[in-house]
Q: 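After the structure tokens below, expect a handful of questions from me.
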Amino acid sequence: MSKRIKTDVLVVGAGMVGSALALGLVQRGLDVRIVDQRWPPLPEGEFDLRVVALSGQSIALLDRLGVWSQIAASRTAAYRRMHVIDGTSEAFIEFDAREYGWPQLGVIVENQRIAALLAERLGVQRLDDGLSEIDGTRCTLASGDRVDAQLVIAADGAASPLRERLLIDSDGRSYAQSALVAHVRCERPRSGLAWQRFLDGGPLALLPLPDGRASMVWSVPIERATRLMAATGTEVERALATASGRQFGAIALTTPLAQFPLRWHVARTFATENVVLVGDAAHTVHPLAGQGVNLGFADVDCLLAYADRALKTGRRMPSPGELLRYSRERRSETMLAARAFDALNGLYAAGGPWVALRSAGLSAVNRIAPLKRKFAQIAAGVRSAAS
Ligand SMILES: Cc1cc2nc3c(=O)[nH]c(=O)nc-3n(C[C@H](O)[C@H](O)[C@H](O)COP(=O)(O)OP(=O)(O)OC[C@H]3O[C@@H](n4cnc5c(N)ncnc54)[C@H](O)[C@@H]3O)c2cc1C
């Protein structure tokens, strides 16, 4: 027989962002349920192909949620240096955390490790089910169970069935690019370095893994992605050595390639009267700046701040007005980021006079210390006051 559950908040989607928000709300004493059909196990053995570069602000959030020390205990790689190169002119900018007295610029962690360790902290709140219908805040799950919540959170990823059901449109577009992802072993590894080389087809990034290998994220035009997916390992490795400017010597694939079509989108609103969008359900950005989940964790931070304000004034839940303020604040920040990364991707795809202009810009920022520090703060997600 189907069950009927009453709760303060229903979170739809137990990815990194949904689970972080659910945990934060539980810790504030709210009655929360979180529903997903795919609860990730803690990865063991081979590293999960999907990794993220976490910024200082994301790490601080996970620390406040009480999970960071467990996440950081193994299988993570901090990077202290970042090197960004224009592949046409070889102009570059480099950042070193030691120049600013920071312990690191960021930490590479498997997506699944973050999601699994957050989910472990959620107990009775977890529902192994999927959302299939929503009518106001009355939700019907795939099993036929019903959940009545005061607030529903859409944390159901970039394709967000919930956002679609609510007919919330997005700004954005599909890039004619895919990200090819694999773990690789370099002949000349450079530990503690996050490295990115901008090529006219898209950037190639190599991020350090804790076992000395690197996580490769290579954005290429779709036709090239199709050809590389069909190529032999040796052909891909040869193409990679060329794309990297041979700065790491030979590069060997140690896992199969995976392909992710790229698009950016920012939902037109992040909140209706009683449904709130967070993470990729609200926005996706080009991976060139490694900011996707960092923006999602910033959504969580912002909503938890509104939840705190409500609790301080004796309310269990943020008001519809506060949800709209959340929507405005987060939408304007993510729109700015999405457009900036879009422009950067376009700038590097352009040739001719743009090459000289962008190279001069990169070299100038590298020389002007206060400007470079500002860029380092953005890249590392460090708030000005803390730096
Ligand atoms: C190649 C690549 C590299 C990237 N690198 C970085 C990086 O270095 N740094 C960074 O910050 N970001 C990076 N990102 C972005 C980052 O991976 C995403 O922003 C992040 O995974 C989004 O997390 P999420 O929790 O919002 O969504 P998801 O991880 O997509 O989770 C959504 C969840 O919702 C569930 N769901 C869907 N429908 C339903 C339903 N009907 N009912 C119940 N549950 C449902 C799904 O099962 C899933 O578990 C990268 C992205 C790509 C493609």
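Read the numbers this way: they start at 1 and go in the same order the structure lists the ligands and their atoms.
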Q: Using a 3.5 Å cut-off on N or O atoms only, is F260 in polar contact with ligand 1?
A: no
Q: Check this for me: R98, atom CZ, are more than 12 non-hydrogen atoms of other residues, nucleotides or ligands nearer than 6.0 Å?
A: no
Q: At less than 4.0 angstrom from any non-hydrogen atom of N294, what atoms of ligand 1 do you find?
A: 11 (O)
Q: Suppose we measure from atom 2 (C) of ligand 1 to each protein heavy atom; which comes out shortest, and what is that distance?
A: P287 CB, 4.0 Å
Q: Any atoms of ligand 1 less than 4.0 Å from a non-hydrogen atom of V17? List them with their elements.
A: 24 (P), 25 (O), 26 (O)
Q: Give a yes or no on whether R173 atom CZ has more than 12 heavy-atom contacts from other residues, nucleotides or ligands under 6.0 Å away.
A: yes
Q: Could you list which atoms of ligand 1 come closer than 4.0 Å to a heavy atom of G15?
A: 25 (O), 31 (O), 33 (C), 49 (O)
Q: Looking at every heavy atom in both N345 and P203, which two are closest together, and how far apart are they?
A: OD1-CD, 4.0 Å
Q: Note the single closest protein heavy atom to atom 39 (C) of ligand 1, along with its residue, its atom name and the distance in Å.
A: D156 CB, 3.9 Å
Q: Out of all atoms in ligand 1, which are within 4.0 Å of some heavy atom of R50? Include the element for each.
A: 17 (O), 51 (C), 52 (C), 53 (C)
Q: Is the shortest N/O to N/O distance between A281 and ligand 1 below 3.5 Å?
A: no
Q: If you have a sec, work out which protein heavy atom is nearest atom 14 (N) of ligand 1 and how many Å separate them, to one decimal?
A: V52 CG1, 4.2 Å
Q: Mind telling me whether W195 and F248 have parallel, tilted or perpendicular rings, with 30° and 60° as the class edges?
A: perpendicular
Q: Could D48 and R113 be called an ion pair, given the rule that one side-chain N must be under 4.0 Å from one carboxylate O?
A: no
Q: Could you tell me whether G292 and ligand 1 have an N or O pair separated by under 3.5 Å?
A: yes
Q: Just which atoms of ligand 1 are under 4.0 Å from any heavy atom in G279?
A: 26 (O)
Q: Inspect the contact between E235 and R238 and indicate whether a charged nitrogen and a carboxylate oxygen are less than 4.0 angstrom apart.
A: no
Q: Closer than 4.0 Å to some heavy atom of A155 - which atoms of ligand 1 meet that?
A: 32 (C), 33 (C), 34 (O)
Q: Look at R80 together with E94 and state whether they make a salt bridge at an N to O cut-off of under 4.0 Å.
A: no
Q: Flag the pair D128 and R38 as a salt bridge only when some basic side-chain nitrogen lies within less than 4.0 angstrom of an acidic carboxylate oxygen.
A: no
Q: Using a strict cut-off of less than 4.0 Å between a Lys/Arg side-chain nitrogen and an Asp/Glu carboxylate oxygen, indicate whether D148 and K6 qualify as a salt bridge.
A: no
Q: Kindly give the heavy-atom pair with the smallest separation between D8 and R316, and that separation in Å.
A: OD2-NH2, 2.7 Å
Q: Contact between ligand 1 and Q37 is defined here as a heavy atom of the residue under 4.0 Å from a ligand atom; is it met?
A: no
Q: State the atoms of ligand 1, each with its element, that fall below the 4.0 Å cut-off from a heavy-atom position in G157.
A: 27 (O), 30 (O), 32 (C)
Q: Tell me, which protein residue and heavy-atom name are nearest atom 5 (N) of ligand 1, and how many Å apart are they?
A: V51 O, 3.9 Å
Q: Please identify which atoms of ligand 1 are closer than 4.0 Å to at least one heavy atom of V181.
A: 1 (C)
Q: When the ring planes of H286 and Y175 are compared, do they come out parallel, tilted or perpendicular, using 30° and 60° as the limits?
A: perpendicular
Q: With a 4.0 Å cut-off, would you call E322 and R309 a salt bridge?
A: no
Q: At what distance is the nearest protein heavy atom to atom 8 (O) of ligand 1, and which residue and atom is it?
A: A53 N, 2.9 Å
Q: Evaluate D129 for polar contact with ligand 1, using N/O atom pairs at a separation under 3.5 Å.
A: no
Q: Select one of side chain, backbone, both or neither to describe which atoms of T284 lie under 4.0 Å from any atom of ligand 1, heavy atoms only.
A: neither
Q: Side chain or backbone, does G18 bring an N or O within less than 3.5 Å of an N or O on ligand 1?
A: no
Q: Below 3.5 angstrom, do we get any N/O pair linking G290 and ligand 1?
A: yes
Q: May I ask you to check if ligand 1 and A158 share an N or O to N or O distance below 3.5 Å?
A: no
Q: Is any NZ, NE, NH1 or NH2 atom of the basic residue among E90 and R197 found under 4.0 Å from an Asp or Glu carboxylate oxygen of the other?
A: yes
